[in-house]
Amino acid sequence: MLLSISTTHRPATDLGFLLHKHPDRVQEFRLPFGVAHVLYPEATEERCTAALVLEIDPVGLTRRGKSAFALAEYVNDRPYVASSLLSVALVTVFKTALEGQKPELAATPIPLVAELPAVPARGGEELVRRLFEPLGYAVEVREIGSARHVGLTLKATTRLSALLTHLYVLLPVLDDEKHYWVDEAEIEKLLRRGEGWLPQHPERALITRRYLKHEKRLVFGALQALDEAQPVEADGEQEEALERPVSLRDQRLGTVQAVLKTAGARSVLDLGCGAGALLERLAKDGYERLTGADVSARALEIAERRLRDARNVTLLHSPLTYRDKRFRGHDAAALVEVIEHLDPPRLRALEQNVFGSAQPATVVVTTPNREYNRLWETLPAGEFRHGDHRFEWTRAEFAAWAGHVTESYGYGVRFLPVGPEDPEAGPPTQMAVFER
């Protein structure tokens, strides 16, 4: 496998500093599936090229796992084409450059050209362009005598760390294959490497499915996290953004926002705040105090960056199911798509924490309506919308739970639909508004 990266930035040899690999040396790195070499075919002040050459050990590759077909160990393109093996080599060999360290230079866009002689492209030239052109690359695709492979050149004036990140994520996506098992940790990798570009990418759903090897239990969760990471459109944005159909997520957040405003609350507690999508909206409504709490430290890091300009916002790391004195003293609380992630014993603990201990005057709870699931064309029958959901309730089951809460903690409740209502299935999201 071969990847070359060139620049005409002056002095071009700055590429060596960015990659943390000296142009006068050939360096070798041992990997589980072979050896990576880094060398510089040219290194002058006018032009510099760094090459990553990856030698695959065919025997070692065969030993690593079960092949997809009987003759794979004899007829296999893996040693020759840019795939997840090269992606792993990138993050291993160029880890410092990929992280964007050496800030004074790494933060500067420079002219870059990346060339890959052979890339599996399951979707052809059209897919290659759909993946890379929205990221600002000039894309050149060459036929190389194979229906499944292309030669690829990418040109852009961008940060080196951005180029390496895009290759790291999108090479396995183009191949639609990975050489290793994927699990929940792979979602974290995708969110971290996709931060700042993937949530807005027009092909983010395809990228997510392929990156996670079409594992539905992982894909739903990753897409939901990417939804939360999208910035809320500001008023007066482009006309096409205004005409874009409103997503269920936006309808849900907008409805919660309106209910809280109508309640007259001065302080709001967002439990399970995730990446801060609701808090970002509420920060514009003039509340005296906003508090977000979540069990995920990673989500809170994203929320902190998202809300860095917002005033009177506090973020708390909390499992939500243990009594937390910091939750007290708020006029209202919101649990947006939270309860369905809890097993029954933990849900009971959450009830006691919110309704019994914190006791806000208004509590807004949203959760999926299971009856609506059959109307989602992409959701297989009998499956939940998210791989981490412990349950999804019908409207009757949700009403029964709400009745238990009102009887136990002295609240009244009313129900509101969220999203387009089906005459038989009801709305996609159901909402309960509890009031003391």
Side-chain angles (χ1 to χ4, degrees), residues 187-188 191 221 224-225 227-232 249 252-253 255-257 259-261 263 265-367 386 388-390 401 405 409 411 429 431-436:
I187 298 178
E188 170 68 18
L191 295 179
Q224 185 175 46
D227 278 343
E228 292 184 354
Q230 287 198 87
V232 176
R249 167 184 169 273
R252 182 165 53 239
L253 294 178
T255 305
V256 173
Q257 183 182 10
V259 168
L260 291 172
K261 195 169 186 178
R266 293 172 299 175
S267 57
V268 177
L269 175 64
D270 184 6
L271 294 167
C273 66
L278 177 61
L279 289 170
E280 185 176 35
R281 289 170 172 262
L282 298 180
K284 301 175 183 178
D285 288 344
Y287 289 97
E288 294 178 5
R289 181 163 61 117
L290 294 171
T291 304
D294 203 277
V295 69
S296 169
R298 173 64 180 162
L300 291 173
E301 289 175 7
I302 298 172
E304 185 176 12
R305 288 193 292 272
R306 187 177 201 162
L307 298 162
R308 60 181 175 270
D309 296 327
R311 297 181 179 180
N312 303 325
V313 177
T314 302
L315 297 175
L316 305 176
H317 188 217
S318 171
L320 309 184
T321 52
Y322 296 97
R323 292 195 179 186
D324 194 327
K325 294 180 180 179
R326 298 174 296 177
F327 293 172
R328 296 173 182 171
H330 294 83
D331 299 327
L335 294 104
V336 181
E337 309 298 282
V338 171
I339 62 172
E340 62 273 10
H341 292 270
L342 302 176
D343 292 316
R346 297 180 64 222
L347 179 57
R348 293 291 178 262
L350 176 68
E351 294 168 13
Q352 294 169 5
N353 193 14
V354 176
F355 297 99
S357 177
Q359 295 187 343
T362 302
V363 181
V364 182
V365 179
T366 74
T367 193
H386 189 297
D388 187 52
H389 285 182
R390 301 301 192 265
W401 173 78
V405 170
Y409 300 101
Y411 281 78
T429 295
M431 173 186 289
V433 180
F434 297 89
E435 295 169 319
R436 285 186 65 84

### Task
Please confirm whether the backbone N or O of Pro345 pairs with a side-chain atom of Asp343, one donor and one acceptor, at under 3.5 Å?
no
Distance-minimising heavy-atom pair for [X] and [Y]:
{"X": "Ala334", "Y": "Val256", "value": "CB-CG1, 4.2 Å"}
{"X": "Gly276", "Y": "Ala303", "value": "N-CB, 3.9 Å"}
{"X": "Ala361", "Y": "Tyr411", "value": "O-CE2, 4.1 Å"}
{"X": "Met431", "Y": "Thr366", "value": "CE-CG2, 3.7 Å"}
{"X": "Ser296", "Y": "Ala299", "value": "OG-N, 3.0 Å"}
{"X": "Val295", "Y": "Pro319", "value": "CG2-CA, 3.9 Å"}

A quick test of your reading: do over 12 heavy atoms of other residues, nucleotides or ligands sit less than 6.0 Å from [atom1] of [X]?
{"X": "Arg311", "atom1": "CZ", "result": "no"}
{"X": "Glu304", "atom1": "CD", "result": "no"}
{"X": "Arg305", "atom1": "CZ", "result": "yes"}

Are any of the side-chain heavy atoms of [X] and [Y] separated by less than 4.5 Å?
{"X": "Thr429", "Y": "Glu337", "answer": "yes"}
{"X": "Thr362", "Y": "Val433", "answer": "yes"}
{"X": "Leu316", "Y": "Thr291", "answer": "yes"}
{"X": "His341", "Y": "His389", "answer": "yes"}
{"X": "Leu271", "Y": "Leu269", "answer": "yes"}
{"X": "Val268", "Y": "Asp331", "answer": "no"}
{"X": "Leu300", "Y": "His317", "answer": "yes"}
{"X": "Leu290", "Y": "Thr314", "answer": "no"}

### Intermediate values then yes/no, side-chain hydrogen bond (donor to acceptor under 3.5 Å, both in side chains), Asp285 and Gln257
CA-CA 9 Å; Asp285 288 344; Gln257 183 182 10; 2.9 Å; yes
### Task
Show the numbers, then the answer: is there a side-chain hydrogen bond (donor to acceptor under 3.5 Å, both in side chains) between Glu340 and Thr367?
CA-CA 7 Å; Glu340 62 273 10; Thr367 193; 2.8 Å; yes
### Query
Given Leu282 and Asp270, is the side-chain contact (heavy atoms from CB on, under 4.5 Å) satisfied, shown in steps?
CA-CA 10 Å; Leu282 298 180; Asp270 184 6; 5.5 Å; no
### Between CG on residue Asp294 and CG on residue Leu315, distance to nearest 0.5 Å
9.5 Å
Exercise answer: donor-acceptor pairs, residues 348-358 side-chain atoms, under 3.5 Å, sequence neighbours excluded:
| unit_1 | atom_1 | unit_2 | atom_2 | d |
| --- | --- | --- | --- | --- |
| Arg348 | NH1 | Glu351 | OE2 | 2.7 |
| Glu351 | OE1 | His404 | NE2 | 2.9 |
| Glu351 | OE2 | Trp401 | NE1 | 2.7 |
| Asn353 | OD1 | Asp324 | N | 3.3 |
| Asn353 | ND2 | Leu320 | O | 2.7 |
| Asn353 | ND2 | Tyr322 | O | 2.9 |
| Ser357 | OG | Arg328 | NE | 3.3 |
| Ser357 | OG | Arg328 | NH2 | 3.2 |

### Task
Take Leu307 and Glu280, measure what side-chain contact (heavy atoms from CB on, under 4.5 Å) needs, and give me the verdict at the end.
CA-CA 6 Å; Leu307 298 162; Glu280 185 176 35; 4.0 Å; yes
### Task
Scan side-chain atoms only and decide if Glu288 and Ser267 contain a donor-acceptor pair under the 3.5 Å cut-off.
no
### For Tyr287, ring-ring contact (aromatic ring centres under 6.0 Å, His included) partners two or more places apart
none
